[in-house]
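The structure appears below as structure tokens.
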Amino acid sequence: MKNYIILITLALFFSCSTNVTEVTWDDAKTIAVNKHMEHYINKDFNAMKNLLSEDFQVVVSGQDDPYDLSGVMEAINMHHTLFSNIYTTKPGVENEKGIISQTISYPTGETWTQVWFIWHATGNYSNDTLNNMVHLSYKWNGDLISEEYHFSDGTAFNNELAAYTASLASTDVE
């Protein structure tokens, strides 16, 4: 009986704790990031910037230096120069356009939105059809995103950039 009293007391103590990690899929931040991704696909750069803080930075896997807001917008514009027919599908459900996203609020006070998708595009200079698994992590500062961590294989982007550069070089020779 004594063990039950201890167990019930512990259960009450821990159930009243506010140190809980909360995961949501339909909160305002997740919905904002879903819309943010739609803005990327639709080349609505001004709408994208509205969600980003002035000191926003992106860390891209495989690269040493982060991008600031200006560099990010330049890179996104370059995506749309290099590629057409850009869209995303949900991993494991490739026939369903969209992304998988969730927002996680940690007991430390940090809030992050995690995003997974398969990025599809056609190279404008190589004509390659591309499918690339992507994971993004967005750190929130209030109602704005202050940091993004971008995980994907950069090979397709680098190959398309090389094809683009080669096309410029061949134009200069003519």
Side-chain angles (χ1 to χ4, degrees), residues 21-53 56-63 65-106 110-165 167:
T21 299
E22 181 182 357
V23 180
T24 55
W25 292 269
D26 58 356
D27 62 291
K29 287 179 173 27
T30 304
I31 292 167
V33 167
N34 291 345
K35 195 70 169 162
H36 181 73
M37 292 302 303
E38 288 176 25
H39 294 317
Y40 161 76
I41 289 168
N42 296 325
K43 300 186 262 186
D44 191 346
F45 305 134
N46 288 328
M48 288 185 75
K49 285 197 281 189
N50 290 336
L51 195 58
L52 308 176
S53 67
F56 175 76
Q57 68 173 8
V58 173
V59 176
V60 177
S61 60
Q63 296 186 12
D65 297 320
Y67 291 90
D68 63 7
L69 183 56
S70 172
V72 167
M73 297 318 292
E74 194 175 301
I76 291 169
N77 191 38
M78 181 56 82
H79 271 209
H80 288 279
T81 298
L82 297 176
F83 302 99
S84 58
N85 193 29
I86 296 173
Y87 66 97
T88 61
T89 58
K90 297 178 179 183
V93 200
E94 280 74 27
N95 61 344
E96 186 177 337
K97 287 189 177 181
I99 62 175
I100 296 173
S101 56
Q102 65 185 20
T103 296
I104 307 164
S105 298
Y106 294 98
E110 288 187 350
T111 301
W112 292 78
T113 298
Q114 307 289 323
V115 178
W116 297 265
F117 57 88
I118 299 181
W119 181 83
H120 302 266
T122 303
N124 289 333
Y125 299 89
S126 67
N127 292 318
D128 291 343
T129 300
L130 308 165
N131 303 306
N132 196 4
M133 178 66 158
V134 177
H135 172 73
L136 306 174
S137 293
Y138 295 104
K139 182 179 182 182
W140 291 89
N141 185 359
D143 290 331
L144 296 176
I145 297 171
S146 60
E147 297 175 35
E148 175 185 332
Y149 292 83
H150 186 110
F151 304 95
S152 67
D153 181 354
T155 304
F157 181 82
N158 293 335
N159 289 345
E160 197 62 31
L161 187 57
Y164 168 73
T165 303
S167 77

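Since we're looking at a predicted model, the values are computed, not measured.
If you take CG on Asp153 and CG on Asn132, they are separated by 5.5 Å, rounding to the nearest 0.5 Å. Taking NZ of Lys139 as the start and CD of Glu148 as the end, the distance is 14.0 Å to the nearest 0.5 Å. Atom CE of Met37 and atom CG of Asn34 lie 9.0 Å apart (nearest 0.5 Å). In this structure, OH on Tyr87 lies 6.0 Å from CG on Asn85, to the nearest 0.5 angstrom. We find the CE-CD1 distance between Met48 and Ile41 to be 10.0 Å, quoted to the nearest 0.5 Å. Note that the OG1 atom of Thr111 and the CG atom of Asn141 stand 10.0 Å from one another [nearest 0.5 Å].
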(request) Go through the steps for His36 and Leu52 under the test side chain to side chain contact (heavy atoms under 4.5 Å, CB included), then give the verdict. (result) CA-CA 10 Å; His36 181 73; Leu52 308 176; 4.0 Å; yes
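Using modelled atom types, one finds no donor on one side chain facing an acceptor on the other under 3.5 Å when comparing Gln114 with Trp112. At a cut-off of 3.5 Å, with distance as the only test, a side-chain donor of Thr103 or Thr30 sits close to an acceptor on the other residue.
Taking both residues in full, the closest heavy atoms of Leu69 and Lys49 are given as CD1-CG, 4.5 Å, listed atom of the first, atom of the second, then distance. In this structure, Pro66 and Val59 approach most closely via the heavy-atom pair CB-CG2, 4.0 Å. A pairwise comparison of heavy atoms in Lys29 and Gly142 identifies NZ-O, 3.1 Å as the closest pair. Shown here for Trp25 and Ser101, the closest heavy-atom pair between the two residues is CD1-O, 3.2 Å. Taking both residues in full, the closest heavy atoms of Trp140 and Asp143 are given as CZ3-O, 3.4 Å, listed atom of the first, atom of the second, then distance. Considering every non-hydrogen atom in both Tyr40 and His80, the closest pair reads O-NE2, 2.8 Å.
A 4.5 Å side-chain heavy-atom check between Leu51 and Phe56 finds every atom pair outside the cut-off. Looking only at side-chain heavy atoms (C-beta outward), Asn124 and Thr81 stay at 4.5 Å or farther from each other. In this structure, Asn159 and Asp128 have side chains that are not in contact, with every pair of non-hydrogen atoms separated by 4.5 Å or more. Side chains of His135 and Tyr149 form no contact here, defined as non-hydrogen atoms less than 4.5 Å apart. The shortest side-chain heavy-atom distance between Leu136 and His150 falls under the 4.5 Å cut-off. With contacts defined as side-chain heavy-atom distances shorter than 4.5 Å, the pair Lys43/Ile86 does not qualify.
Counting heavy atoms of neighbouring residues, nucleotides and ligands inside a 6.0 Å radius, atom CG of Asn77 exceeds 12 of them.
In terms of the side chain to side chain donor-acceptor pair (under 3.5 Å) criterion, residue partners of Tyr67 (sequence neighbours excluded) are, by chain and number, Gln63.
With Thr122 contributing its side chain and Thr129 its backbone, the two residues share no donor-acceptor pair below 3.5 Å. Panel note: side chain Thr165, backbone Leu161; a donor-acceptor pair is recorded below 3.5 Å. Here the side chain of Asp68 pairs a donor or acceptor atom with the backbone of Gly71 at under 3.5 angstrom.
Aromatic ring orientation, Phe83 versus Phe157: tilted (interplanar angle from 30° to 60°).
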